[in-house]
Number of protein chains: 2
Amino acid sequence: MTDAQDIAVPPATPADPLPGFKPLYRQVRERLVRQLIDGVWKPGEALPSEQQLAVTLGVSPGTVRKALDDLTAENLLVRRQGRGTFVAEHDHDRVLFQYFMLTNDNGTRSLPESTLVSLEKIRANAQERNRLALAARASVWHIERVRTVDGHAIIRERIILSADRFPGLGDRIDIPNNVYQLYAVTFGVSVARAEERLKAVAATPEDAKCLATTSGTPLLEIDRTAYALDESPVEWRLSRCLTEDYHYLSDLR
Amino acid sequence: MTDAQDIAVPPATPADPLPGFKPLYRQVRERLVRQLIDGVWKPGEALPSEQQLAVTLGVSPGTVRKALDDLTAENLLVRRQGRGTFVAEHDHDRVLFQYFMLTNDNGTRSLPESTLVSLEKIRANAQERNRLALAARASVWHIERVRTVDGHAIIRERIILSADRFPGLGDRIDIPNNVYQLYAVTFGVSVARAEERLKAVAATPEDAKCLATTSGTPLLEIDRTAYALDESPVEWRLSRCLTEDYHYLSDLR
DNA sequence: CAGTGGTCTAGACCACCAC
DNA sequence: TGGTGGTCTAGACCACTGA
């Protein structure tokens with residue numbers, strides 16, 4: 001067969017409207033992402049084999065492979081030789097290594113425990129609407145937590161979520177430590193990536209109380225926006241961290 | 001031809017000593033990296049074409065391509081369609097986007113100007129020897145600079161380098177703003193990647209003087225170790241940044 | 001126009017895993 | 001043992017660049 005520059009459209013899917021010519025493996029990638037968004041395969045489940053996907057999509061195995069390689073590099077899929085290709089889960093390790101960069105100065109990494117301070121639903125202010133791309137009179141959840149390692153409070157965090165996107169979240173008695181798994185399993189929202197903006201700030205009196213330190217102590221403020229598979233903002237999280245015995249690790253490459 | 005599980009060793013290069021079986025494209029990658037280290041192709045220069053490399057190395061074009069793809073993903077090479085594959089340079093854009101994460105809160109990015117404060121050669125202390133993997137009585141350069149944007153001092157930085165690896169550096173009248181280009185062009189040392197550890201600290205009186213602020217002001221401390229192509233530590237850099245109008249941008253994905 | 005990287009295909013065999 | 005991903009090969013054609 002020679003170049004078939006577009007995927008033969010199988011069942012019912014709105015074909016890309018003359019996209020200015022994307023490579024085939026790009027189109028395959030986007031088809032797969034859309035199916036991930038639609039929940040065709042859930043986190044932890046296996047995709048069809050490369051061979052099957054190639055047949056289904058009417059594309060050569062090499063092209064499917066390239067698309068899967070890309071998605072794996074983006075941490076959306078996990079490949080296990082001899083077993084298959086799986087939808088990435090927000091398990092302990094992924095959250096620890098991909099979404100938690102605070103490291104003990106002695107080099108060890110661990111996820112702090114969380115203690116819920118408050119959980120309320122309020123009308124979103126302008127900044128919150130902007131960060132989460134919400135409509136004019138939308139509401140949001142405010143989750144306040146203190147996070148501890150070995151009984152030492154090191155992080156004070158506030159999480160802000162669209163109340164529409166996470167209905168009934170406030171009725172939950174327990175907010176698990178790993179909220180990204182909660183988002184995925186209970187609300188069908190998978191966090192695909194995040195951006196963090198870091199500043200050094202002075203502890204407010206309230207910070208000082210939560211973190212057992214003194215007002216004015218320098219804290220590392222982490223301002224995170226997390227995005228879903230469709231690039232919509234899912235979560236706005238503001239953390240303030242004591243960095244006397246910890247540091248934020250960033251790899252430049 | 002069927003699988004040739006090892007590269008045919010052309011001229012004179014010590015063949016890998018039974019590596020426990022690395023994939024061919026890995027071996028190709030390592031051969032290429034070694035040639036980069038040896039300066040066979042200098043930053044900005046073009047490598048031979050994929051076709052030529054394949055013939056030279058006695059490997060199929062697809063295998064060469066995979067190795068080049070990996071090196072490109074690591075920012076060691078740059079590919080330009082229709083032109084060739086080039087050794088990555090530490091030009092303004094690379095330094096700005098790969099090695100300078102401080103961003104104005106309004107979203108603009110730019111490299112601050114540098115003002116040299118002091119440059120001296122001293123005996124390395126234990127911590128410096130440890131960070132730079134130096135021998136017992138080695139010496140180091142200390143470069144102190146203040147960095148400004150629009151006349152505002154926002155960063156105070158100290159750079160520590162092995163005096164042996166950068167001979168005669170102290171005789172230079174000018175230390176350019178872009179030191180990584182200096183390392184590469186003048187000393188043949190290419191920085192390949194770096195790790196940064198971030199903390200919030202209180203400004204010392206000296207910090208306060210350099211940055212036109214008050215003692216105790218929260219500063220973002222960036223502790224960077226930069227590594228060469230052979231993974232040896234090249235530079236230890238300690239920066240203290242005013243983050244009232246700036247933030248450190250970190251992508252989680 | 002010739003030369004380069006970029007895409008796509010097709011098929012072989014290897015390494016690993018579960019049964 | 002059969003199925004999966006991982007590697008390697010071979011060759012066609014496309015897209016881009018510069019002379």
Side-chain angles (χ1 to χ4, degrees), chain A residues 1-8 16 18-32 41 44-88, chain B residues 1-8 16 18-32 41 44-88:
Chain A
M1 186 194 287
T2 103
D3 263 6
Q5 273 294 18
D6 279 293
I7 296 178
D16 295 2
L18 291 201
F21 245 40
K22 283 177 189 165
L24 243 192
Y25 72 85
R26 274 292 193 183
Q27 301 177 43
V28 170
R29 194 204 99 99
E30 283 168 20
R31 289 270 300 261
L32 294 173
W41 312 292
E45 291 181 2
L47 271 64
S49 73
E50 298 180 353
Q51 192 46 241
Q52 282 177 33
L53 283 172
V55 173
T56 303
L57 299 171
V59 162
S60 95
T63 300
V64 169
R65 165 161 280 270
K66 177 137 184 162
L68 293 178
D69 280 346
D70 286 358
L71 293 171
T72 301
E74 295 172 61
N75 292 310
L76 301 184
L77 300 179
V78 176
R79 320 189 75 166
R80 281 176 247 179
Q81 183 171 158
R83 302 202 34 214
T85 303
F86 301 81
V87 182
Chain B
M1 187 195 287
T2 102
D3 264 6
Q5 274 295 18
D6 278 294
I7 297 180
D16 295 0
L18 290 201
F21 245 39
K22 280 177 192 167
L24 244 192
Y25 71 87
R26 274 293 193 182
Q27 301 177 42
V28 170
R29 193 204 99 99
E30 284 169 20
R31 287 271 299 264
L32 294 174
W41 312 291
E45 291 181 2
L47 271 64
S49 74
E50 297 181 353
Q51 192 46 243
Q52 283 178 32
L53 283 172
V55 173
T56 303
L57 299 171
V59 163
S60 96
T63 300
V64 169
R65 166 160 280 269
K66 178 138 184 158
L68 293 178
D69 280 346
D70 286 358
L71 292 170
T72 301
E74 295 173 61
N75 291 310
L76 301 184
L77 300 179
V78 176
R79 320 189 74 166
R80 281 175 246 177
Q81 182 172 162
R83 301 199 39 210
T85 303
F86 301 80
V87 182

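We name chains A, B, ... by the order of the sequence lines, and we start the count at 1 in each one.
- For the OP1/OP2 pair of dT7(D) and a distance below 4.0 Å, the side-chain nitrogens and oxygens of Thr63(B) include no atom meeting the criterion.
- Within a heavy-atom distance below 4.0 Å of DNA chain C, the residues of residues 45-55 of chain B found are Ser49(B), Glu50(B), Gln52(B).
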Intra- and interstrand pairs of DNA chain C - dot-bracket, Watson-Crick/G-U under 3.5 Å, | marks other strand: ||||||||||||||||||.
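- Rounding to whole angstrom units, NZ of residue Lys22(A) and P of dT7(C) are separated by 14 Å.
- With Gln51(B) contributing its side chain and Pro61(B) its backbone, the two residues share no donor-acceptor pair below 3.5 Å.
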Going by atom type alone, with no hydrogens or angles, which donor-acceptor pairs under 3.5 Å involve a side-chain atom of residues 63-74 of chain B and a protein atom two or more places apart or on another chain?
unit_1	atom_1	unit_2	atom_2	d
Arg65(B)	NH2	Glu50(B)	OE2	3.0
Asp69(B)	OD1	Arg79(B)	NH1	2.5
Thr72(B)	OG1	Leu68(B)	O	2.8
Glu74(B)	OE1	Arg29(B)	NH1	3.0
Glu74(B)	OE2	Arg29(B)	NH1	2.5

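- Between Leu24(B) atom CG and dC13(C) atom C1' the separation is 13 Å, expressed in whole Å.
- Phosphate proximity of dT7(C) to Lys66(A): present, with a side-chain N or O under 4.0 Å from OP1 or OP2.
- Taking only side-chain atoms of Ser60(B), from C-beta outward, the nucleotide of dA10(C), dT7(C), dT9(D) with the closest atom is dT9(D).
- Put simply, Tyr25(A) has no side-chain N or O that comes within less than 4.0 Å of OP1 or OP2 on dC8(C).
- Considering only side-chain N and O atoms, Thr85(A) lies nowhere under 4.0 angstrom from the phosphate OP1 or OP2 of dT4(D).
- Contacts between residues 71-83 of chain B and DNA chain D, defined by a heavy-atom separation below 4.0 Å, involve Gln81(B), Gly82(B), Arg83(B), listed by number.
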